[in-house]
4 protein chains.
Amino acid sequence: MQPNDTKEQLELQALQFFARNDYERSSLNDIAKALGVTKGAIYHYFKGKDDLFYASVNRLLNMVEGWFVDALPRDIPLKILLDNLFRMDETLTEIGEHSGLGDAITDYKNIMYLFLAALKKFPDIRKRLDDIYTGFHDVLADAMSRAVDKGEIRKDTDIEAVAYEITAFSEGALLLGAFTDRKDYSVLGPRVCEAIWARIALPAMGRRQGEKNETK
Amino acid sequence: MQPNDTKEQLELQALQFFARNDYERSSLNDIAKALGVTKGAIYHYFKGKDDLFYASVNRLLNMVEGWFVDALPRDIPLKILLDNLFRMDETLTEIGEHSGLGDAITDYKNIMYLFLAALKKFPDIRKRLDDIYTGFHDVLADAMSRAVDKGEIRKDTDIEAVAYEITAFSEGALLLGAFTDRKDYSVLGPRVCEAIWARIALPAMGRRQGEKNETK
Amino acid sequence: MQPNDTKEQLELQALQFFARNDYERSSLNDIAKALGVTKGAIYHYFKGKDDLFYASVNRLLNMVEGWFVDALPRDIPLKILLDNLFRMDETLTEIGEHSGLGDAITDYKNIMYLFLAALKKFPDIRKRLDDIYTGFHDVLADAMSRAVDKGEIRKDTDIEAVAYEITAFSEGALLLGAFTDRKDYSVLGPRVCEAIWARIALPAMGRRQGEKNETK
Amino acid sequence: MQPNDTKEQLELQALQFFARNDYERSSLNDIAKALGVTKGAIYHYFKGKDDLFYASVNRLLNMVEGWFVDALPRDIPLKILLDNLFRMDETLTEIGEHSGLGDAITDYKNIMYLFLAALKKFPDIRKRLDDIYTGFHDVLADAMSRAVDKGEIRKDTDIEAVAYEITAFSEGALLLGAFTDRKDYSVLGPRVCEAIWARIALPAMGRRQGEKNETK
DNA sequence: CATGAATGAGCCTTCATTCAT
DNA sequence: GATGAATGAAGGCTCATTCAT
């Protein structure tokens, strides 16, 4: 076992623990027990409870950044990209299984708790979250720009607004799921996608008139 | 001063305190000091720290429900209603001033922390939140139904999807503001509103060729 | 029981405890048990272990300063004053009984431990100790000045050196007692006093013959 | 490097560390780091933290005993011996440089802390300290006896008292330096020496009336 | 009604010590 | 010989809660 291996394992297990349990209300005794080590071992690798939490959250943020690269390929038709985005709940499940984090991550509510708790304790986390959301937004905006060039969507699309709308909607849908425990997203998500698409899409072989009408 | 008046005052002040400070990290001593009373006084009116928190959050939920009634009148044109909704940030500020809660409520991040903390401690809070969001959604859906009848929007509008979209988008926009500290909402919110409106609106005197295309 | 009474009692009891036990090696559990209260009670009156120690030591310093006023009256013949000084071990015993500190203070070794431990933790204690020793020295020097005027001791007495010698000797004698557990002081202290006196004393009616008087 | 060499080196380095740092407050990790080895290495040569401390202090005591033999030669005139003794601060500095202990030993306060800490943990240390002070005292008493025989000092000198006085004064002067940070010793020490000498010295060729009187 | 002194359980953290390598 | 990962027993401290006044 390499020296860093144990630390990484602890971070990953702690991440799962913190995803499922509230940081402030978790005693280090509980955490150690959940990680299968003693408190002393934790202090061997981390400066304290906070440090362990910080390391875990940053590890999650790193993983999230990595998922973006995989989940948002830039060379596919916009419609395909959107369809993928609006099935983010499935994506999260896949990631959970694939990353070894189990279902701790699947429930987006857990991630939100985690991020908010981290945000409260470590203000510099905000910068990283900002980067992630900005990245998400930029990928969307870029894809739409290219789609305009390729004639997939209308020239007069308010790209900024649509990118923002999708970003906020995705986040809000997950938040609603956290707050209300409903699963509207899997049903209504695709329908929202269709509606947005219908608004911005250009008919396969165009027909100028349609455009003019909605222009303005 | 009626007997219950003191208790209500304590709840309101505690609400402000909890909006600004993390519940778990606030000691009852700090809370008592912030409320200008002694610990004993708190225990006189509440069963304990948790009970004070629970009462405060429920008071906020009551207020939120009240705001809906005022903020979402049902007999105005849909477009006006939407315009109001998409300026929710301004609405929150007004409510903050008007309700005597000061700017503790203005920052939506504070409300979210509060709800999440409450959700974690008191699972039955979820039901109340669910009701609120459902109410929000239903008001929208009803308004759209009536707008269809009045010929304000298209008959083929996917009312469920649009109501869901707006609900989730509003929540998500506020969440993004909490996570990233950006103020996109005030700029892009209205543009998103316009885009959605353009999608569902029926031209004043109906009938432009473009319609046929999107009617599928 | 007045509010400050308990705190004062705790300080006095803690002082006795710290005089008998090493500060660093005493757990707050032990201390609380010795004081007959719980840890929480200590934290009610003091900011922490250090604060309790600091308060106790300062209380002792205050008492020591008070003892000086009583123990070193300035209007007595120098010889009487010196005789008193060189029986300081008896004086400490009296003070111990009289002050309610019991025999914790009697053993000067305990006081030294206490002062040294305090010095290590609270550098500002040095100033107070300095004042005490300076006061001791000054009282001696003043008394000798007056004794010169009154013709009790020789004009050519090196007052500074003698005051320093007596101060250092007294301290050193007590330190030796601490380091070696011998009780030379009670036997040899008076003889040292006689030797010093013989060196500086002026015959009762001046003039060489008078020296015979001191030959006893 | 002989097998015991490493152990000796560790003891010496630990001695310097303990002279500068408080034993109780130093963790074995800090100590190991300061000694440039790992904890395991320390446990290889010593039974534990206490054992290392005990060995270090005993090493210092051995060195102190050795210094006496060199610093207090018995075949020099008493006045020379006394002059040396009353410049003990310089002697300590020389010893510090000469012994390789650096300035850790120069500050007598450090030595006192060390001895007191050792005394508290290992009561048998008291015996060794007693021996050292007794040795110091005896060397002085012997020298004075011989000085009486050689006609250097008066026959009626209270040898016991003077030896005790000088021993205690020396110790007390160093203690005052530790307690108050003043440097009176270097100035007043020699003057005290002169005063004591004047008291006991026999004029080179005798002949003052006063002498006869005090000869008893 | 209200106070605040006192409690005690539990928290985070430190650290001497052990032991597999 | 030497390492450092891991342990576990305290230690200092916090704080919700109780209760005599």
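First the proteins, then the strands, lettered A, B, ... as listed; each starts at 1. Since we're looking at a predicted model, the values are computed, not measured.
- Here F/dC19 sits opposite E/dG4 as a Watson-Crick or G-U wobble pair (both hydrogen-bonding atom distances under 3.5 Å).
- Taking atom CD of residue B/Glu24 and atom C1' of nucleotide F/dA16, one finds them 12 Å apart after rounding to whole Å.
- The side chain of C/Tyr43 places no N or O atom within less than 4.0 Å of a non-bridging phosphate oxygen (OP1 or OP2) of E/dT7.
- The two residues D/Ala178 and C/Leu119 have their closest heavy-atom pair at O-CD2, 3.8 Å.
- Spacing between atom CD1 of A/Ile42 and atom P of E/dC11 amounts to 13 Å, rounded to whole angstrom units.
- Residue B/Lys7 contributes atom NZ, which lies 12 Å from atom P of E/dC1 at whole-angstrom precision.
- Rounded to whole angstrom, the span from the OH atom of C/Tyr45 across to the P atom of E/dG4 amounts to 12 Å.
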Would you list the atom pairs, donor with acceptor, under 3.5 Å between side chains in residues 30-40 of chain C and any protein atom, with sequence neighbours excluded?
from: C/Asp30; atom 1: OD2; to: C/Ser27; atom 2: OG; distance (Å): 3.3
from: C/Thr38; atom 1: OG1; to: C/Ala41; atom 2: N; distance (Å): 3.4

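- Interface residues of residues 27-40 of chain C facing DNA chain E, ordered by number: C/Thr38, C/Lys39, C/Gly40; criterion, heavy-atom separation under 4.0 Å.
- Inspection of the C/Asp50 and C/Tyr23 side chains reveals an N or O donor paired with an N or O acceptor under 3.5 Å.
- One atom, CZ of A/Phe46, and another, P of E/dC12, lie 16 Å apart when rounded to the nearest Å.
- When all heavy atoms of B/Ala14 and B/Leu52 are compared, the pair lying nearest together is CB-CD1, 3.8 Å.
- Taking the nucleotide of DNA chain F with the nearest heavy atom to each of C/Lys49 and D/Ala41, the more 5' of the two is matched to D/Ala41.
- Among the candidates C/Phe115, C/Phe17, C/Phe18, C/Phe46, the single residue satisfying the ring pair (Phe, Tyr, Trp, His ring centres under 6.0 Å) test with C/Phe53 is C/Phe18.
- At whole-Å resolution of the value, CG in C/Asp50 and P in F/dG11 are 16 Å apart.
- One can place CG of D/Asp22 at 17 Å from P of E/dT14, the figure rounded to the nearest angstrom.
- Each of B/Tyr23 and C/Ser26 has a nearest nucleotide on DNA chain F; the 5'-most of these lies closest to C/Ser26.
- Among all heavy-atom pairs drawn from D/Ser56 and D/Glu11, the shortest one is OG-O, 3.4 Å.
- The side chain of D/His44 has F/dG1 as its nearest neighbour among F/dG1, E/dT14, F/dC13.
- Here F/dA16 presents its P atom at 12 Å from CZ of A/Arg25, a figure rounded to the nearest Å.
- Under the 30°/60° scheme for interplanar angles, the aromatic rings of C/Phe122 and C/Tyr54 are found to stand perpendicular.
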